[in-house]
Amino acid sequence: MGNANIDPLLKEIAALFAEQGKEVYLVGGAVRDLFRGEKAQDWDLATNARPEEVIALFRSRRWRVIPTGIKHGTVTVHYKGRDLEVTTFRTESDYRDGRHPDTVAYAATIEEDLSRRDFTMNAIALRLPGGEPVDPFGGTADIRIQLIRCVGNPAERFTEDGLRPLRAVRFAAQLGFKVEKATLDAIPPALPVTAGVSPERVRDELDKIIQTPRPSAAFRLMEQTGLLRLILPELADCRGVDQKGYHQFDVLDHSLLACDYAGREAYPPEVGLAALFHDIGKPAVRKLNEAGIWTFHQHEGVSAKITRKILTRLRYSNAQIDAVCHLVAEHMFHYEEIWSDAAVRRFIIRAGEENLENLYRLRRADAYGMAGIEPAPDFLLPLVSRVDKALAGSRAFSLKDLAVSGKDLLAAGVRPGKEMGIILKELLETVVDDPDSNIREKLLEIAGNLNKRYESGILR
Ligand code: ATP
Ligand code: MG
């Protein structure tokens, strides 16, 4: 790596360390990306300076320093819009779940520090400021042949940290690299260790996988090694669930293709997850009809339920769970030209205006998954243009579009609570059917009538 490729800011930092007689190296993903000919995103630095010394060094120049992981020897430096992580050389991984050492064992040399890292491509350092490579495990050669290979003995590396198998398959999808045979073969025996990894760490890897250009590369390796059955058994159960008559693929292959489309198009993670799980209820609901064809009635509801179970288990946020499950539950819309304007408005209300774009994205991914063929750019256009027209017309899509509010109804004598809710919904129904009826007096009159019927006990 020539001097020319080292960012001036890194040289500036290196000078600070040199003044104190300390070494500093660029390490991790940034180095990997440089050797792949890509621009590095985040910078990870390794040094023989102790965390307190690192802090003092940057603070003396008034750079912002945050002791993010001081227990593990890591300090985050914020400078010129960049976050860089500076970690003191360490001897052993502290990634092991539940066994985080309270104090880290510092290493004396960069070579020792590199030896604790997961893959050869991640175990290269560039000495700063010059950029001379330190590559004791042949990482640059492996990058050249696009190979993911454990540093040292794969079985040992995976036993130290059960997340590493998942990182291997994630990198395979992210970089388009192959996993070396001995490394891949070491995954199945390490599954019990992976089973003990915290759900949050697994979630973070899953999130990264679905945002690669080809998530299926990771999921196929996961299937092959048993990781899929361990982490997403519900998805593994979709293998062999054929859907002849609808699709050429079984449910798993279809789901993976849909997920690939979402990844390749860089759709938001909610869409990627929805694409992966949208049909996951199919194995549970399938029935053979008289013609000997499998049917999957109401699978979307079951898919949403299973998706919720999975995402909860993996500690996704409630907001994310709700967003993904909503997309899954609503993915089966079938637009036809004969839809009335009211039907279009009802579709918008069901979907939620803010979710329309993601629902269209999911549909495109789903369509791609049918045959692995690019959907025509305008295949959703008939629906989208009807929806856009409806949205541009008089607004009647949510309670806040109504010409009356809950307060107005209170004033008109409607009791708060369940009845109020039902009456408001009824008013929205009325307005959705006929937007011209969204007039205060008219709605108050309808509400008054409904209220009377409640009070007299006709409705309850
Ligand atoms: P990316 O940031 O794209 O995920 P990265 O390689 O920078 O890729 P990080 O998680 O940021 O990954 O970790 C930085 C470096 O720390 C890695 O390149 C690797 O050397 C080391 N590392 C990270 N996680 C582990 C782990 N679980 N086991 C061993 N080494 C690890
Ligand atoms: Mg990184």
Side-chain angles (χ1 to χ4, degrees), residues 10 25-36 38-47 68-69 72-77 82-101 104-105 107 110-126 133-140 142-143 148-177 179 183 186-187 190 193-194 196-198 200-213 215 218 227 263 269:
L10 288 174
Y25 297 82
L26 186 64
V27 291
V31 181
R32 183 185 70 228
D33 291 341
L34 280 174
F35 279 103
R36 287 172 58 241
E38 308 236 325
K39 216 174 141 70
Q41 306 288 343
D42 317 318
W43 285 334
D44 290 312
L45 301 179
T47 179
T68 29
H72 314 297
T74 302
V75 170
T76 300
V77 181
R82 287 249 189 197
D83 274 332
L84 32 134
E85 301 227 308
V86 186
T87 306
T88 305
F89 295 162
R90 288 190 311 222
T91 53
E92 60 167 289
S93 159
D94 61 351
Y95 302 106
R96 294 177 230 189
D97 289 282
R99 284 187 277 155
H100 285 205
V104 282
I110 183 68
E111 284 82 2
E112 202 181 339
D113 178 89
L114 292 175
S115 73
R116 72 171 168 86
R117 294 173 184 268
D118 49 6
F119 306 112
T120 59
M121 64 181 184
N122 290 343
I124 313 165
L126 297 182
V134 181
D135 179 18
F137 306 103
T140 52
D142 281 342
I143 291 174
I148 298 165
R149 183 204 309 261
C150 276
V151 169
N153 180 324
E156 279 171 25
R157 307 332 303 273
F158 290 162
T159 312
E160 285 164 5
D161 179 5
L163 189 73
R164 289 174 184 161
L166 261 184
R167 282 175 57 90
V169 302
R170 185 256 291 183
F171 281 123
Q174 184 177 319
L175 310 173
F177 284 17
V179 182
T183 296
I187 295 180
V193 188
T194 304
V197 172
S198 76
E200 289 81 0
R201 293 180 76 206
V202 172
R203 173 201 62 207
D204 290 349
E205 285 305 318
L206 180 62
D207 265 342
K208 286 181 182 170
I209 289 172
I210 58 161
Q211 293 179 79
T212 66
L227 280 168

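Both ligands and their constituent atoms are indexed starting at 1 by order of listing. Note that the coordinates shown come from a computational prediction; the quantities given were computed from them, not determined experimentally.
- For ligand 1, the atoms closer than 4.0 angstrom to any heavy atom of D44 are 7 (O), 11 (O), 14 (C).
- Comparing R117, R167, E85 against atom 13 (O) of ligand 1, the shortest heavy-atom distance belongs to R167.
- Residues E160 and R164 are paired through a salt bridge, judged by an N-O separation under 4.0 Å between the basic side chain and the carboxylate.
- Ring geometry, Y25 versus F89: the interplanar angle falls from 30° to 60°, so the pair is classed tilted.
- Electrostatic pairing of D33 and R36 counts as a salt bridge here, judged by a charged N lying under 4.0 Å from a carboxylate O.
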Inset, instruction - Please lay out, stage by stage, how L84 and D42 fare under the test side-chain contact (heavy atoms from CB on, under 4.5 Å). - result: CA-CA 7 Å; L84 32 134; D42 317 318; over 6 Å; no
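- Using modelled atom types and a 3.5 Å distance limit, the side chains of R117 and N122 yield no donor-acceptor pair.
- Using 4.0 Å as the threshold, R32 has a heavy atom nearer than that to some atom of ligand 1.
- A distance of 13.5 Å separates OG1 of T140 from CE of M121, quoted to the nearest 0.5 Å.
- Not a single N or O atom of D42, backbone or side chain, sits closer than 3.5 Å to an N or O atom of ligand 1.
- The distance from atom CG of L45 to atom CD of E85, rounded to the nearest 0.5 Å, is 9.5 Å.
- Atom CG of residue D83 and atom OG1 of residue T76 lie 6.5 Å apart, to the nearest 0.5 angstrom.
- Counting atoms of ligand 1 from 1 in the listed order, those under 4.0 Å from a heavy atom of Q174 are 3 (O).
- Here the shortest heavy-atom distance to atom 1 (P) of ligand 1, taken over R201, M121, R170, belongs to R170.
- Of the listed residues (I124, D161, L166, T87), the one carrying the non-hydrogen atom nearest atom 27 (N) of ligand 1 is D161.
- Within the 4.0 Å heavy-atom criterion, neither part of R157 lies near ligand 1.
- Inclusion of G29 in the set of residues having an N or O under 3.5 Å from an N or O of ligand 1 is warranted.
- Distances from ligand 1 to the non-hydrogen atoms of K208 include at least one value under 4.0 Å.
- Within the 4.0 Å heavy-atom criterion, neither part of V27 lies near ligand 1.
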